[in-house]
S.K.: 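So that we are looking at the same thing, I have put the structure below in structure tokens.
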Amino acid sequence: MRNEYVQAVLAVVRLVPAGSAVSYGDVAELLGSGGPRQIGYVMSHHGGSVPWWRILKASGHAPEGHEAEALLFYLEEGTPLLGAFSSYLRTGEGRWRVDLNTARWAPTDNDFDRIDIIAEQLERSLHRLSVADDGMIL
DNA sequence: ATTCTGACTTGCT
DNA sequence: AAGCAAGCCAGAA
């Protein structure tokens, strides 16, 4: 995984505002590069420095193994939830998920501009790298 | 080239 | 709502 790609993904994730969320696939689509699994890879290995809980499965379920911690952030940010999150909070039992239909981030024109810039920078660096690789083959 | 793996997604029970 | 199969994208062996 190119570092440029990782940085681009993290840059997009940082734009997602508190109280909202997007799916892994959404991020890939906004970035115009890679797929949901690539975003998942980046988040699992480099997501620690960004609001990782705002990126979830398309179903609205929090990232594997981080449900409890993520739930605290959702409650804090007022992220719309579905299901038995309160009993999950008390007993650890019960299933819940983010109401992605309501919570899904709708980027403003300004946000789209920023995303375009990020995507464009990524394209440039990847193209440059591919040219360099060709040179190495000879 | 082939196969496996994964913080994924969609469609079908 | 939950489980499963297949599809998907990149990287690693």
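Residue numbers begin at 1 in each chain, while the letters A, B, ... track the order of the sequences.
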S.K.: Does a side-chain N or O of A:Ser23 approach OP1 or OP2 of B:dC8 to a distance below 4.0 Å, or not?
M.R.: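 Checking B:dC8 against A:Ser23, no side-chain N or O comes under 4.0 Å of OP1 or OP2.
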S.K.: Throw together a table of side-chain donor-acceptor distances under 3.5 angstrom for residues 36-44 of chain A, partners on residues two or more places apart or in other chains.
M.R.:
from	atom 1	to	atom 2	distance (Å)
A:Gln38	NE2	A:Gly35	O	3.4
A:Ser44	OG	A:Gly40	O	3.4
A:Ser44	OG	A:Tyr41	O	2.9

S.K.: Considering only the C1' atoms, how many Å lie between C:dA13 and B:dA7, rounded to the nearest integer?
M.R.: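 It works out to 23 Å between them.
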S.K.: Can you list everything that forms a salt bridge (Lys or Arg N to Asp or Glu O under 4.0 Å) with A:Glu93? Sequence neighbours excluded, please.
M.R.: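 Counting only residues at least two positions away or on another chain, A:Glu93 forms no salt bridge (Lys or Arg N to Asp or Glu O under 4.0 Å).
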S.K.: Heavy atoms from C-beta onward define the side chain here; which of B:dT9, B:dA7, C:dA1 lies closest to that of A:Pro36?
M.R.: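 Between B:dT9, B:dA7, C:dA1, the one nearest the side chain of A:Pro36 would be B:dT9.
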S.K.: Could you go over nucleotides 5-8 of chain C and give all protein N or O partners under 3.5 Å, atom names and distances?
M.R.:
none

S.K.: Given atom CZ of A:Arg97 and atom P of B:dC8, what is their separation to the nearest angstrom?
M.R.: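 Taking atom P of B:dC8 as the reference, CZ of A:Arg97 is at 16 Å.
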S.K.: Treat each ILVMFWY residue as a node, draw an edge where side-chain heavy atoms are under 4.5 Å apart, and state whether A:Ile115 and A:Ile117 are in one component.
M.R.: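 Shared cluster, no.
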S.K.: Give me the residues of residues 116-126 of chain A where at least one heavy atom lies under 4.0 Å from an atom of DNA chain B, by number, or none.
M.R.: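 DNA chain B contact set from residues 116-126 of chain A: none.
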S.K.: Mind calculating the distance between NZ (A:Lys57) and P (C:dC4) to the nearest angstrom?
M.R.: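 It works out to 13 Å between those atoms.
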S.K.: Output all residues satisfying salt bridge (Lys or Arg N to Asp or Glu O under 4.0 Å) with A:Glu77, sequence neighbours left out; order by chain, then residue number.
M.R.: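 Scan of A:Glu77 (salt bridge (Lys or Arg N to Asp or Glu O under 4.0 Å), adjacent residues dropped) gives A:Arg54.
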S.K.: If you restrict it to nitrogen or oxygen atoms, what contacts under 3.5 Å exist between nucleotides 10-13 of chain C and the protein, and what is each distance?
M.R.:
from	atom 1	to	atom 2	distance (Å)
C:dA10	O4'	A:Gln38	OE1	2.9

